[in-house]
Peer 1: 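Dumping the structure here so I can ask a few things about it.
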Amino acid sequence: MRTLMTGPAWVAYGQIYVESTLDDSSSLEDCFAGQQNGLCGAAVPGKLFLITGLHTGHVGFTVELYDEQPPLDDTWEEIVEASYHPLGNAALVTWASDGGFWELDLDPFDYRLRYCAQGMDAGHQGAPPMDDQPLIDHYLLQLWPAPPAPDQVLKQTSAQAAYWHRSVREMPPQPSPAERAAAEQERQRLNALAQEAARKEALLQTWGGRLPSERVLATWHTQELAQLDRDLVDELDAADADLLYTVARWSARRACAAAGLDQTPWVAAALDLMDRGGDYVAVINPPAGLRPGGSFVTSTDWDPELSPTLQAMQVLNSTYWNDPLHAATATLWLAIGAAGNDSVVIAELRLAFPQLTNRAL
């Protein structure tokens, strides 16, 4: 026999535990489900839920480990047995995190345990003992290797023990693992529905009471553009690729004109080549890494601090995005930034592209 722990142990709310799992969400009902005894709940793998008479304070507590079943000591007033299998490093712990922690050197195999109690009624009725007073109730937890078996009440004398035994036996049946899994799946489904409903409600408020498409949500600057002209975003979303790239090229010219970049010969040549669907890089020799398709652009916000060359490259590059909606919205946003007047640019866009109006309706 080895004594794994002995001495005063702090209990709170008449509870103390043996834990060997990180899952601490198990309730009293979970731990005692389907049992006959109400003092040692062992129905949750890796956990023991131990009941004491004293509500809060110190009790005498001893944990003993045997190689085989020990003799029954009938001097204890309450004796119950159950089976236990630790799932990790087992420890005796209290309900309060600072109340006590005692590691138990248990191997990860099946044990039979015997939980014995003395003075439960006195502990329940009395005040917590002070430091210089003797402990009121005492408990012994004995373990030995044994295959799993149903729990048993071997001896019961106190009113407290009788109350807990009766309470456990009168508990309604707990759901099966399959029922728990189904309930958790349903909870997750309802939670996902609630989250999606909340997301859509937030989107409705953000987007003026009309939900955008997922494509629009994934595209840069559509939300900013929607604040300026909500219909325009849906109209661009409904436009075909050719029209969107045409909008992008128009926006690139508008941005360059607003910034005076179109007076630079190489920019003018690049814009002309862009309009013909060519690669504007063919007319210049940009630094390494500055290529069509967005590789250069890390932001599509107009930056007046950039050099004229980089501003032109940013605008031109935005027209070559593989996604035509992205090309149109990113370049249009740059044009608005370069012009500094969103209402004028959008009005000019609508005059230039009357086919956009009400396209989404």
Side-chain angles (χ1 to χ4, degrees), residues 23-25 27 175 177-252 254-255 293-295 297-303 314-315 317-361:
D23 179 13
D24 60 356
S25 62
S27 66
E179 290 170 332
R180 287 178 184 272
E184 175 60 19
Q185 186 176 25
E186 177 65 7
R187 186 194 68 79
Q188 293 180 5
R189 186 186 72 83
L190 293 176
N191 186 51
L193 289 174
Q195 290 180 347
E196 179 62 15
R199 185 183 78 92
K200 287 184 177 179
E201 179 60 30
L203 287 174
L204 283 171
Q205 294 181 12
T206 301
W207 291 82
R210 189 163 75 246
L211 286 177
S213 68
E214 291 298 325
R215 179 193 184 199
V216 165
L217 288 175
T219 303
W220 287 1
H221 298 304
T222 51
Q223 185 172 328
E224 293 98 322
L225 290 172
Q227 300 300 317
L228 306 176
D229 188 330
R230 179 65 184 86
D231 290 338
L232 177 61
V233 174
D234 286 342
E235 289 161 359
L236 289 171
D237 188 26
D240 58 34
D242 288 341
L243 180 55
L244 289 172
Y245 279 121
T246 303
V247 169
R249 290 191 288 270
W250 178 93
S251 299
R254 184 65 178 83
S295 60
V297 179
T298 57
S299 170
T300 51
D301 288 307
W302 180 261
D303 186 355
Q314 184 181 33
V315 170
N317 240 33
S318 293
T319 68
Y320 285 85
W321 284 98
N322 292 330
D323 184 323
L325 179 62
H326 190 104
T329 59
T331 315
L332 176 58
W333 187 248
L334 285 171
I336 290 172
N341 191 322
D342 49 72
S343 60
V344 168
V345 174
I346 290 178
E348 292 176 358
L349 176 72
R350 286 202 171 279
L351 285 175
F353 297 96
Q355 65 269 46
L356 280 175
T357 302
N358 295 329
R359 192 178 185 89
L361 302 180

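The figures that follow rest on heavy atoms only: side chains count, while hydrogens, waters and symmetry mates do not. Keep in mind the model is a prediction, meaning the values are calculated, not measured.
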Peer 1: For the residue pair D301 and L334, what are the closest heavy atoms and their distance?
Peer 2: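 What the structure gives for the nearest pair is C-CD2, 3.8 Å.
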Peer 1: Checking W207 against D234 for the side chain to side chain contact (heavy atoms under 4.5 Å, CB included) test, could you report, in this order, the C-alpha distance in whole Å, the side-chain angles of both residues, the deciding distance, and whether it holds?
Peer 2: CA-CA 11 Å; W207 291 82; D234 286 342; over 6 Å; no
Peer 1: Taking C-beta and beyond as the side chain, do R210 and L204 meet within less than 4.5 Å on heavy atoms?
Peer 2: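 With C-beta onward as the side chain, the pair stays apart.
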Peer 1: Please round to the nearest 0.5 Å and tell me the distance separating atom CG of L228 and atom CD of Q223.
Peer 2: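 Atom-to-atom, L228:CG and Q223:CD are 11.0 Å apart.
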Peer 1: Rounded at 0.5 Å granularity, tell me how far CG in L325 sits from CG in D240.
Peer 2: 12.0 Å
Peer 1: Donor-acceptor pair, distance only, cut-off 3.5 Å: does the side chain of S318 make one with the backbone of Q314?
Peer 2: yes
Peer 1: Distance check, rounded to the nearest 0.5 Å: T246 atom OG1 versus L356 atom CG?
Peer 2: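 So the OG1 of T246 and the CG of L356 are separated by 10.0 Å.
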Peer 1: Do V345 and L332 have side chains that approach each other closer than 4.5 Å (heavy atoms only, starting at C-beta)?
Peer 2: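 Yes, close enough: below the 4.5 Å cut-off.
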Peer 1: Take W250 and F353, measure what side chain to side chain contact (heavy atoms under 4.5 Å, CB included) needs, and give me the verdict at the end.
Peer 2: CA-CA 10 Å; W250 178 93; F353 297 96; 3.7 Å; yes
Peer 1: Taking all non-hydrogen atoms of both residues into account, name the closest pair between A248 and A327 and its distance.
Peer 2: CB-O, 3.6 Å
Peer 1: Can you find a heavy atom in the side chain of V344 that is under 4.5 Å from one in the side chain of R254?
Peer 2: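 The answer is yes; the side chains approach within 4.5 Å.
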Peer 1: Are any side-chain N or O atoms of T222 and backbone N or O atoms of V216, one a donor and one an acceptor, separated by less than 3.5 Å?
Peer 2: yes
Peer 1: Which heavy atom in A335 sits nearest to a heavy atom in A255, and how many Å separate them?
Peer 2: CA-CB, 3.6 Å
Peer 1: Does Q227 use its side chain to pair, donor to acceptor, with the backbone of T206 at less than 3.5 Å?
Peer 2: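 Yes, Q227 side chain to T206 backbone: donor-acceptor pair under 3.5 Å.
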Peer 1: Just how far is it from atom OH of Y320 to atom OH of Y245, taken to the nearest 0.5 Å?
Peer 2: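 It comes to 10.5 Å.
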Peer 1: So that I can tick it off, tell me whether R350 and D231 are bridged by a salt bridge, with the cut-off set at under 4.0 angstrom between side-chain N and carboxylate O.
Peer 2: no
Peer 1: One thing to verify: whether E184 and R189 come together as a salt bridge, which I'm taking to mean a side-chain N less than 4.0 angstrom from a carboxylate O.
Peer 2: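 Answer for the salt bridge query: no.
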Peer 1: Run T329 and V247 through side chain to side chain contact (heavy atoms under 4.5 Å, CB included) and show every step you take.
Peer 2: CA-CA 9 Å; T329 59; V247 169; over 6 Å; no
Peer 1: So do the side chains of P212 and R230 get within less than 4.5 Å of each other, counting heavy atoms only?
Peer 2: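 Sidechains of R230 and P212: in contact.
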Peer 1: Between D323 and L244, does the side chain to side chain contact (heavy atoms under 4.5 Å, CB included) criterion hold? Intermediate values first, please.
Peer 2: CA-CA 9 Å; D323 184 323; L244 289 172; 5.9 Å; no
Peer 1: How long is the span from the OG1 atom in T319 to the CG atom in N317, to the nearest 0.5 Å?
Peer 2: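 Atom-to-atom, T319:OG1 and N317:CG are 7.5 Å apart.
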Peer 1: Around E196, counting heavy atoms of other residues, nucleotides and ligands shown, do more than 12 lie under 6.0 Å from its CD?
Peer 2: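 More than 12 heavy atoms, drawn from other residues, nucleotides or ligands, come within 6.0 Å of this atom.
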Peer 1: Okay, side chain of R215, backbone of D237: is any donor-acceptor separation there less than 3.5 Å?
Peer 2: yes
Peer 1: Measure the spacing between CG of L225 and CG of D342 and express it to the nearest 0.5 Å.
Peer 2: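 Those atoms lie 9.5 Å apart.
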